[in-house]
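Working notes, beginning with the structure itself.
Counting starts at 1 for both ligands and their atoms, following the listed order.
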Amino acid sequence: MSARLHEFKDGAALAEGLAERVSGALADAVASRGRASIAVSGGSTPKAFFKALSRRDIDWGKVTITLVDERFVPADNPRSNHLLVADNLLQDRAKAANILPLYRDAGSAEEAAKIVSADAEALGHPFDVVILGMGTDGHTASFFPGGSRLAEAISAETPRGVITMEAEGAGEPRLTFTFASLQDARLLVLHIEGQGKKDVLAAAEADGPETDMPIRAILRRAATPVDIYWAP
Ligand SMILES: O=C1O[C@H](COP(=O)(O)O)[C@@H](O)[C@H](O)[C@H]1O
């Protein structure tokens, strides 16, 4: 599936451009279906975009925000993706949004995954918006090279929902939405910044196994063409 590249002069311009696009998609979803859903990534890249999006004037009370993936850590842990979203996106006008957390105090990551998968059904599908990031190892969501359940996570046969993942270099056990849940979002964005990530993207666009660079599963097989947002 072909991807479209949107280039910006810097991260600030990208944050505003992406916030404009995403807020438009969320507003359209609310106008057509009365509600909207968005799954966002964690990591270091999305902070400025989250702040820009939080200021947009849309009907946030009808929007549910969830995470593409999460570490199995409580929301007050500095490594929590939920904490990043709470501090940067659930602010300003977006304070009125609903949040569906992936972490649950459920005794195990497996148990948390079952609970979240059931809760996520209530959002309906597909997601209106999915914002993916990408690590320099070619991972996206928690689809890590060498991940304990990578084949299952990126298989088109694996149902929608959240599964667990462990991988060297991932730190804590992870929770991640499956490929099936993410690939058909009405708006599917890959947000990357810096020349290093652009080089990784070029490598991912070349031939090679998806298991070496799991972002390939999205670039090659997503039902929705990927919009790539990049700034130096
Ligand atoms: O582990 C993760 O990393 C990726 C990329 O993060 P970045 O710091 O390089 O922007 C992120 O997309 C994913 O959600 C996160 O859990």
One finds that the ligand 1 atoms under 4.0 Å from a non-hydrogen atom of S44 are 7 (P), 8 (O), 10 (O)
Sequence neighbours excluded and cut-off under 3.5 Å, please list the side-chain donor-acceptor pairs for residues 202-213, or say none.
{"residue": "E210", "atom": "OE1", "partner": "R221", "partner atom": "NE", "Å": "3.4"}
{"residue": "E210", "atom": "OE1", "partner": "R221", "partner atom": "NH2", "Å": "2.8"}
{"residue": "E210", "atom": "OE2", "partner": "R221", "partner atom": "NE", "Å": "3.0"}

for atom 2 (C) of ligand 1, nearest protein heavy atom and its distance come out as H139 NE2, 3.4 Å
Tell me, with the steps shown, if E70 and S80 meet side-chain contact (heavy atoms from CB on, under 4.5 Å).
-> CA-CA 7 Å; E70 177 63 289; S80 158; 3.5 Å; yes
Element-labelled atoms of ligand 1 that are located less than 4.0 Å from some non-hydrogen atom of G133 | 12 (O)
Does any N or O atom in G42 lie less than 3.5 angstrom from one in ligand 1, N or O only?
-> yes
Looking at S41, which atoms of ligand 1 are within less than 4.0 Å of one of its heavy atoms?
-> 12 (O), 14 (O)
Any donor-acceptor N/O pair, S142 side chain to M165 backbone, under 3.5 Å | no
In this structure, atom 13 (C) of ligand 1 is nearest to the protein heavy atom D69 OD1, 3.5 Å
Can you tell me the protein heavy atom closest to atom 9 (O) of ligand 1 and the distance?
-> K197 NZ, 2.8 Å
What orientation do F177 and F127 show, parallel under 30°, tilted 30 to 60°, or perpendicular over 60°?
-> perpendicular
Kindly say whether the aromatic ring centers of F72 and Y103 come within a distance under 6.0 Å.
-> yes
Counting only heavy atoms, which portion of T45 has something under 4.0 Å from ligand 1: side chain, backbone, both, or neither?
-> both
Please state which protein non-hydrogen atom is closest to atom 1 (O) of ligand 1 and give its distance, to 0.1 Å?
-> R174 NH1, 3.1 Å
Please list all pairs passing the side-chain hydrogen bond (donor to acceptor under 3.5 Å, both in side chains) test where one or both residues lie in residues 181-194, with sequence neighbours left out.
-> D128-R186, R160-D184, T178-S181, H191-E193
